[in-house]
Amino acid sequence: MAVNYNILTILGPTAGGKTSVATRMAYILNGEVISADSRQVYRGMDLGTGKDLEDYVVEGTPIPYHLIDIVDSGYKYNVYEYQQDFIQVFNDIQSRNKFPVLCGGSGMYIEAVLKGYKLIHVPVNEQLRSVLEKKPYNELVEILASFKTLHNKTDIDTRKRMIRAIEIEEYYSENPQLDVDYPKLTPLIVGVKFDRQSQRKRITSRLKQRLDEGMIDEVRKLLDRGISSETLVYYGLEYKFITQHITGELSYNEMFKKLETAIHQFAKRQMTWFRRMERNGFKIHWLDGYAPMNEKTARILELLGKK
RNA sequence: GGGGAGAUACCAAAGUGGCCAACUGGGGCAGACUGUAAAUCUGCUGUCGUAUGACUUCGGAGGUUCGAAUCCUCCUCUCCCCA
């Protein structure tokens, strides 16, 4: 029985070659790419986020992409906004009879849209915050526990998150209607990965390459533009360690080693998320990164039932 | 050539007769995670499919002792200082 997939998802850990597979598929399917990357949304953050914009031209044809370069660096984007933006882009692509290819490595963003997390806009409640901020942590735990149903299951390991969690529950309790008009998605999910040893090698050589291409200058430019080092550190990985190098906290070698390790660990966490998705019922069809492109695309077409 | 310091698990580093299969940090592995998610947090990490269990470890070889990573002897190697 043929399944009518209405979206193709390409996921996988960093440095696995997802983008080229996604753009190739978009080229074949007359489609457009929707990025699922929590850091590529920022303008001016290219090398550090591994945007690979040159991959968006296949056989001389530019492939339209979405949710890349949509906000200024310095801004703090989040899942809620991502989901909203995704819905809009998805509907738009469908209305133009193009095929959407979701591609990225931000597990939570992917799951948020494929699973349709119920996220609604919860405004900041300054009054509530000022009250909660005076209370001890254990009292906050009790307050959060007092809500019958929890909509927000995030970590509450810090006071800040705890207060935000209560703020969200508080809002839900007063605004019970939370059904948003969510598009019906029937995704085919394909993962691209290499064996761990190869993955590590790829991460390291890609890191060296991007440093050669001027990744440090990119970060320096952001600092010059007035983005605080705290914000850059918040962005993590490349932006975090390179900023610490620029401010003199880390030598070049220390920066390189720590960053390399951090990216390896990040790739591992990405895989942990994907495995969890599989346990939770998402079928991910894994492709060996070493397979040639035509083999990958043939396999995906086969899975899509277009062969 | 003379003097001194040291060799501990993947790495660094505690431990200096029993409470040591060995503190701790890093790394590695596994996991949690719906509003920071490139974040944050948790567990495991000598071997034995489980173990209040067994077995093998603290440079090597001997020895002392009821008992050694810890004490003694010899050997090998590393580092530092003076020549």
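Note on naming: letters A, B, ... go to the chains in the order of the sequence lines (proteins, then strands), and numbering restarts at 1 for each one.
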Problem set entry | Rounded distance in Å - CD1 (A:Ile110) to P (B:C33) | 17 Å

Problem set entry | Short side-chain N/O contact from A:Arg196 to OP1 or OP2 of B:A30, under 4.0 Å | yes

Exercise. Under the 3.5 angstrom rule, does the side chain of A:Asp92 hit a backbone N or O of A:Gln88 as a donor-acceptor pair?
Worked result: no

For this session: May I ask you to verify whether the side chain of A:Lys268 and the base of B:A30 hold a donor-acceptor pair under 3.5 Å?
Result: yes

For this session: Return the value, rounded to whole Å, for the distance between atom CD of A:Gln270 and atom P of B:C29.
Result: 14 Å

Exercise. Any chance CD of A:Glu213 has more than 12 other-residue heavy atoms, nucleotides or ligands included, within less than 6.0 Å?
Worked result: yes

Exercise. Using atom P of each nucleotide, how far apart are B:U52 and B:A22 to the nearest Å?
Worked result: 12 Å

For this session: Check whether any side-chain nitrogen or oxygen of A:Gln265 sits under 4.0 Å from OP1 or OP2 of B:G28, and answer yes or no.
Result: yes

Exercise. OP1 or OP2 of B:A39 less than 4.0 angstrom from a side-chain nitrogen or oxygen of A:Tyr235, does that happen here?
Worked result: no

Seminar exercise, completed: As its Watson-Crick or G-U partner within any shown strand, both distances under 3.5 Å, B:G1 has B:C82

Exercise. B:U65 pairs with which nucleotide, Watson-Crick or G-U wobble, both distances below 3.5 Å?
Worked result: none

Problem set entry | Nucleotide opposite B:A7 in a Watson-Crick or G-U pair, distances under 3.5 Å | B:U76

Problem set entry | Spacing of the C1' atoms in B:C11 and B:G4 (rounded, Å) | 27 Å

For this session: Using the P atom on both, measure B:C80 against B:A13 and round to a whole Å.
Result: 15 Å

Exercise. Do A:Ser106 side-chain atoms and A:Ser38 backbone N/O form a donor-acceptor pair below 3.5 Å?
Worked result: yes

For this session: Taking the side chain as every heavy atom from C-beta outward, state whether A:Thr49 and A:Tyr42 have any atom pair closer than 4.5 Å.
Result: no

Exercise. Does A:Thr272 have a side-chain nitrogen or oxygen under 4.0 Å from the phosphate oxygens OP1 or OP2 of B:G31?
Worked result: yes

For this session: For the side chain of A:Arg39, starting at C-beta, report the closest nucleotide among B:A38, B:A39, B:G28.
Result: B:A38

Problem set entry | Interatomic distance where CZ belongs to A:Phe282 and P belongs to B:U34 [whole Å] | 12 Å

Exercise. Less than 4.5 Å apart, any side-chain heavy atom of A:Lys258 and any of A:Gln244?
Worked result: no

For this session: Write down the distance separating the P atoms in B:U45 and B:G53, rounded off to the nearest Å.
Result: 15 Å

Exercise. Can you find a side-chain donor-acceptor pair between A:Tyr239 and A:Glu218 that sits under 3.5 Å?
Worked result: yes

Exercise. Is the phosphate of B:G27, meaning OP1 or OP2, less than 4.0 Å from a side-chain N or O of A:Arg200?
Worked result: no

Exercise. Within this structure, what is the CE-to-C1' distance between A:Met108 and B:U36, rounded to whole angstrom?
Worked result: 9 Å

Exercise. Would one find a side-chain N or O of A:Arg276 under 4.0 angstrom from OP1 or OP2 of B:A32?
Worked result: no

Exercise. Who is the Watson-Crick or G-U wobble partner of B:C29, with both distances under 3.5 Å?
Worked result: B:G43

Seminar exercise, completed: Against the side chain of A:Asn78, the closest entry in B:U34, B:U36, B:G27 is B:U36

Exercise. Can a donor-acceptor pair be found between the side chains of A:Tyr65 and A:Gln40 at a distance below 3.5 Å?
Worked result: no

Exercise. Partner of B:U36 by Watson-Crick or G-U wobble geometry, both contacts under 3.5 Å, or none?
Worked result: none

Exercise. Rounded to whole angstroms, how far apart are CH2 on A:Trp273 and C1' on B:G31?
Worked result: 13 Å

Problem set entry | B:G17 to B:C66 separation - C1' atoms, rounded to the nearest Å | 12 Å

Exercise. Under 4.0 Å: is that the gap between some side-chain N or O of A:Arg279 and OP1 or OP2 of B:G31?
Worked result: yes

Exercise. Is there a side-chain contact between A:Ile34 and A:Val113 (heavy atoms, below 4.5 Å)?
Worked result: no

Problem set entry | Touch class at under 4.0 angstrom, heavy-atom based, for A:Thr14 against every strand present | nothing

For this session: May I ask which nucleotide in the shown strands pairs with B:U57, Watson-Crick or G-U wobble, both distances under 3.5 Å?
Result: none

Problem set entry | Rounded C1' spacing from B:U73 to B:C23 in Å | 31 Å

Exercise. Rounded to the Å, how far apart are A:Gln40 CD and B:A38 P?
Worked result: 11 Å

Exercise. According to the Watson-Crick and G-U wobble definitions, with both distances under 3.5 Å, which nucleotide is paired to B:U70?
Worked result: none

Seminar exercise, completed: Rounded to whole Å, the CZ-P distance (A:Arg275 to B:A32) equals 9 Å

Problem set entry | N-glycosidic conformation, B:U50 - syn within 90 degrees of 0, else anti | syn

For this session: With a 3.5 angstrom cut-off on both distances, give the Watson-Crick or G-U wobble partner of B:A21, or none if there isn't one.
Result: none

Exercise. Touch check for A:Ser38, heavy atoms < 4.0 angstrom, all strands: base, sugar-phosphate only, or nothing?
Worked result: base

For this session: Starting from the 5' end of RNA chain B, give me the residue, A:Lys115 or A:Ser106, whose nearest nucleotide shows up first.
Result: A:Lys115

Exercise. Taking atom C1' in both B:A21 and B:G15, what distance in whole Å separates the two?
Worked result: 14 Å

Exercise. On a whole-Å scale, what distance lies between the C1' atoms belonging to B:C58 and B:A7?
Worked result: 10 Å

Exercise. Please give, in whole Å, the distance from B:G28 C1' to A:Phe266 CZ?
Worked result: 19 Å

Exercise. Does A:Tyr82 put a side-chain nitrogen or oxygen below 4.0 Å from OP1 or OP2 of B:A37?
Worked result: no

For this session: Could you say whether A:Leu237 or A:Gly116 is positioned toward the 5' end of RNA chain B, judged by the nucleotide with the nearest heavy atom to each?
Result: A:Gly116

